[in-house]
There are 2 protein chains.
Amino acid sequence: MASSIHDLARHLNISIGTVSRALNGRADVNADTRQRVLEAARTLNYSPNQSGRSLRQGATHSIAFMLQPHPGDQQYGEPFFIPFLIGLQAKLAESGLDLIVVMGAPGDYQQERLRRVVETRRADAVVLAWTRREDERIDYLTQAGFPFATLGRSRSGAKSYPSLDLDFEKAGADAVDRLVARGHRRIAAIRPSLNLNFGYLFLDGYRKALRRHGIEVDPELIASGFINEAGGYEVTPQVMRSKDPPTAIIFNNDAMALGGCKALAEMGIRPGHDMAVTVIVDTPLCRYFSPALTAFRPALEPMGQRLAEMLLASIPAFAGPEGPRIMREVWPLELVARDSD
Amino acid sequence: MASSIHDLARHLNISIGTVSRALNGRADVNADTRQRVLEAARTLNYSPNQSGRSLRQGATHSIAFMLQPHPGDQQYGEPFFIPFLIGLQAKLAESGLDLIVVMGAPGDYQQERLRRVVETRRADAVVLAWTRREDERIDYLTQAGFPFATLGRSRSGAKSYPSLDLDFEKAGADAVDRLVARGHRRIAAIRPSLNLNFGYLFLDGYRKALRRHGIEVDPELIASGFINEAGGYEVTPQVMRSKDPPTAIIFNNDAMALGGCKALAEMGIRPGHDMAVTVIVDTPLCRYFSPALTAFRPALEPMGQRLAEMLLASIPAFAGPEGPRIMREVWPLELVARDSD
DNA sequence: TGTGTTCTCGTAAACGTTTACGGAAAAACG
DNA sequence: CGTTTTTCCGTAAACGTTTACGAGAACACA
């Protein structure tokens, strides 16, 4: 069934070296014999054994994506990543690279799994997501000299790796601008705890925009909770207990927004009427929720493609003639106005 | 950096054969030397090179999951699969297996990608989803003698592979029973076109239940459309044009239901008031839609775990002492009553 | 014809494992 | 003490590639 390079050689009565060179498009092989090799490869249904190539070349031709389910996602995971993965995979496939998706158990920090991937040389590079402000995964990879790229920025790693991130800072500021223009002055911000980096970026933009409008940043209107529905549900009442409660809330995450809306509903507060609600990262849930949530939308699939390009461009073996380059990009989020603000 | 089995051997001044046997827990190695080997492996930070093992053993220690994005999923893909993948991956990891996620472009039938995985021996087995009634992927894999398991049943392949499916037939019947008990007699069914197998199963259950209640099956109340929101939007008006329009609609897919509800809204028909709406496979969207959609919920993560077990049990190399077994299971869907019916 | 160059190909080593085989040493047994 | 068994380990081949090296043949040129 599985025909090897030896089979081709025997069939054509030439050496395996010549077969290999012919298949790999090397120059030092007669045009005629190359034709015969390619033809035999087709008829004998040959395709190269990956393990053999990997062993010899020291490259696995696959990239690992570390997908970390959120703790508390009992039923449904992270739809956010699917379109990103589609883009990533499509671009990698163009270079003959496979995508390995490595998942940790919800809540574990992946160090263990990451280590395994690196040490067993299962992949040629990894892609990280949910970057933290200080990210030990990044420290580990840079220290190990292992190629990687990140979806999201981090303070770790001395910027020596490609990264693609969304402009949470601008989105936070845009959200404030919009709410202020609509007459709001008491604007709350709810973001994830842990030290997920985008939470900080969002908050920076939020703070700066408030100051720009001459509005004092009130710590009572800023809260952080677990990055899931329960977290939003739990933490939203905190900002509502302020002496001067908010008239608008910006949520940094769709799940937290949904939990927050539930809490609001129980207080008799209707988003879109009694409270303006804005969500920073749009998902289908925002669209179908009632009222439909105004949110900032990322271009996930193109981002996946782009990060694949950036990752490959950073690896000498894959970079083009102009040599490896480290790129860092920040992409905009697009406002989708709906009914909740 | 990367220490090999030779490094260990040199360091301990023994042969690589002994090192390998010690690491693999073979019997013919002195307990003392084994200790020393394991210790050296730890201090030298050894971990086996996967390519080397794969090449020698003829096994890659990874399983491929073929994820096919739906055509028309421009923005967000298939959240359905994430929890399934989590379960699958967790179970595979217990046996030291990695999960490779292979995606095709939306709309292509994966034959090409599947072929590549099989022929380059990138994975030891594959997991298929979205099984069709007659499925060429299954035909190909059985004919190639490549191990695989499916999420979903099919007519293809002579049942010689493990499969795990949801009981769409019973869910269809249960949905009818519930609606009949609530006084409905004109019940429509909307399912995906293509020949996705679960659409047929659902329709079988629907028909049988209607007959059981002495209700004639009216072809005008059955329609099929593309399995996305646009499909539901397009096809729902068809059943509404019946001389005797339905008072209830069962949708076989969440996205189609959302599109259908949009169409209904444009006709001034309110789900939960003027029309009972039931969805067969629950997703978070059903829960957050307004009105919240009554739906049948699968236990996705356990299903992923189970299918991993079943797949491994079917492969001689991984099956336990009792030898390989082909299992086929059908799991129930649990009704989640909400506001739409 | 002699020399140098260019094409083309075969040989063999190497990548890091696993494992069948055999042999030396130790232990057991008579 | 001789023989058999057991324990332990080294040797070497094998998995399927890629590639450095060298060599033979053909060719060009003087």
Side-chain angles (χ1 to χ4, degrees), chain A residues 1-38 40-41 44-62 96 116-124 317, chain B residues 1-38 40-41 44-62 96 116-124 317:
Chain A
M1 184 86 263
S3 67
S4 79
I5 215 172
H6 290 91
D7 299 326
L8 292 192
R10 207 174 318 121
H11 181 253
L12 295 170
N13 213 26
I14 59 179
S15 78
I16 60 164
T18 306
V19 173
S20 176
R21 280 190 299 265
L23 292 172
N24 290 7
R26 283 211 149 17
D28 55 348
V29 49
N30 185 288
D32 179 56
T33 50
R34 163 168 294 128
Q35 269 312 318
R36 287 171 43 230
V37 168
L38 292 178
L44 292 192
N45 198 22
Y46 168 81
S47 50
N49 179 300
Q50 278 302 325
S51 306
R53 309 191 71 204
S54 298
L55 179 57
R56 169 63 215 225
Q57 302 185 318
T60 64
H61 305 281
S62 53
R116 234 191 99 233
V117 169
V118 171
E119 291 179 355
T120 62
R121 276 133 275 167
R122 266 271 121 77
D124 297 336
Chain B
M1 185 85 264
S3 67
S4 79
I5 215 172
H6 291 92
D7 300 325
L8 291 192
R10 208 175 316 120
H11 181 253
L12 293 171
N13 212 27
I14 58 180
S15 79
I16 60 164
T18 306
V19 173
S20 177
R21 280 190 299 264
L23 291 172
N24 291 5
R26 283 217 153 6
D28 55 349
V29 48
N30 185 288
D32 180 55
T33 51
R34 163 168 293 130
Q35 269 311 318
R36 287 171 43 228
V37 168
L38 293 178
L44 291 193
N45 198 23
Y46 167 81
S47 52
N49 179 300
Q50 278 301 325
S51 305
R53 309 190 72 204
S54 297
L55 179 56
R56 168 65 214 225
Q57 300 185 321
T60 63
H61 305 280
S62 51
R116 234 191 99 233
V117 169
V118 170
E119 290 178 354
T120 63
R121 275 132 277 167
R122 262 297 243 295
D124 297 337

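Because the structure is a prediction, the values reported are computed rather than measured. Sequence lines set the chain letters: A, B, ... in the order given, protein chains first and strands last, and positions in each chain run from 1.
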side-chain hydrogen bond (donor to acceptor under 3.5 Å, both in side chains) pairs, two or more places apart, involving residues 49-60 of chain A: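 Every pair satisfying side-chain hydrogen bond (donor to acceptor under 3.5 Å, both in side chains) with a residue in residues 49-60 of chain A: A/Gln57-A/His61, A/Thr60-A/Ser62, A/Thr60-A/Asp124.
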Inter- and intrachain pairs under side-chain hydrogen bond (donor to acceptor under 3.5 Å, both in side chains), touching residues 22-36 of chain A, at least two apart: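 Counting only pairs at least two positions apart or across chains, no side-chain hydrogen bond (donor to acceptor under 3.5 Å, both in side chains) contact touches residues 22-36 of chain A.
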Strand contacts (DNA chain C) in residues 23-36 of chain B, 4.0 angstrom heavy-atom criterion: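 Nucleic-acid contacts, sorted: B/Asn24, B/Arg26.
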B/Ile5, nearest nucleotide to its side chain (from D/dG16, C/dT17, D/dG10):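 Looking only at heavy atoms from C-beta outward on B/Ile5, the closest nucleotide is C/dT17.
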Bend angle of the helix from C/dT1-D/dA30 to C/dG30-D/dC1, from helix axes over five pairs at each end, nearest 10°: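 The end axes of the helix from C/dT1-D/dA30 to C/dG30-D/dC1 are about 50° apart, to the nearest 10°.
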To the nearest angstrom, how far is [X] atom [atom1] from [N] atom [atom2]?
X: B/Gln50; N: C/dT17; atom1: CD; atom2: P; value: 10 Å
X: A/Ile14; N: C/dC7; atom1: CD1; atom2: P; value: 20 Å
X: B/Arg121; N: D/dG16; atom1: CZ; atom2: P; value: 8 Å

Close side-chain approach of A/Ile14 and A/Val37, heavy atoms under 4.5 Å: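 Result yes, sub-4.5 Å side-chain heavy-atom pair found.
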Heavy-atom side-chain contact between B/Leu8 and B/Leu44 under 4.5 Å: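 The answer is yes; the side chains approach within 4.5 Å.
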D/dT18 OP1/OP2 closer than 4.0 Å to side-chain N/O of A/Ser20: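 It does, given that an N or O in the side chain of A/Ser20 lies less than 4.0 Å from OP1 or OP2 of D/dT18.
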Can you tabulate the close N/O pairs, meaning under 3.5 Å, that link protein atoms to atoms of nucleotides 11-14 of chain C?
| from | atom 1 | to | atom 2 | distance (Å) |
| --- | --- | --- | --- | --- |
| C/dA14 | N3 | A/Arg56 | NH1 | 3.2 |

Counterpart residues, side-chain contact (heavy atoms from CB on, under 4.5 Å), relative to A/Ser47 (two or more places apart):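 Only B/Glu119, B/Thr120, B/Arg121 meet the side-chain contact (heavy atoms from CB on, under 4.5 Å) criterion with A/Ser47.
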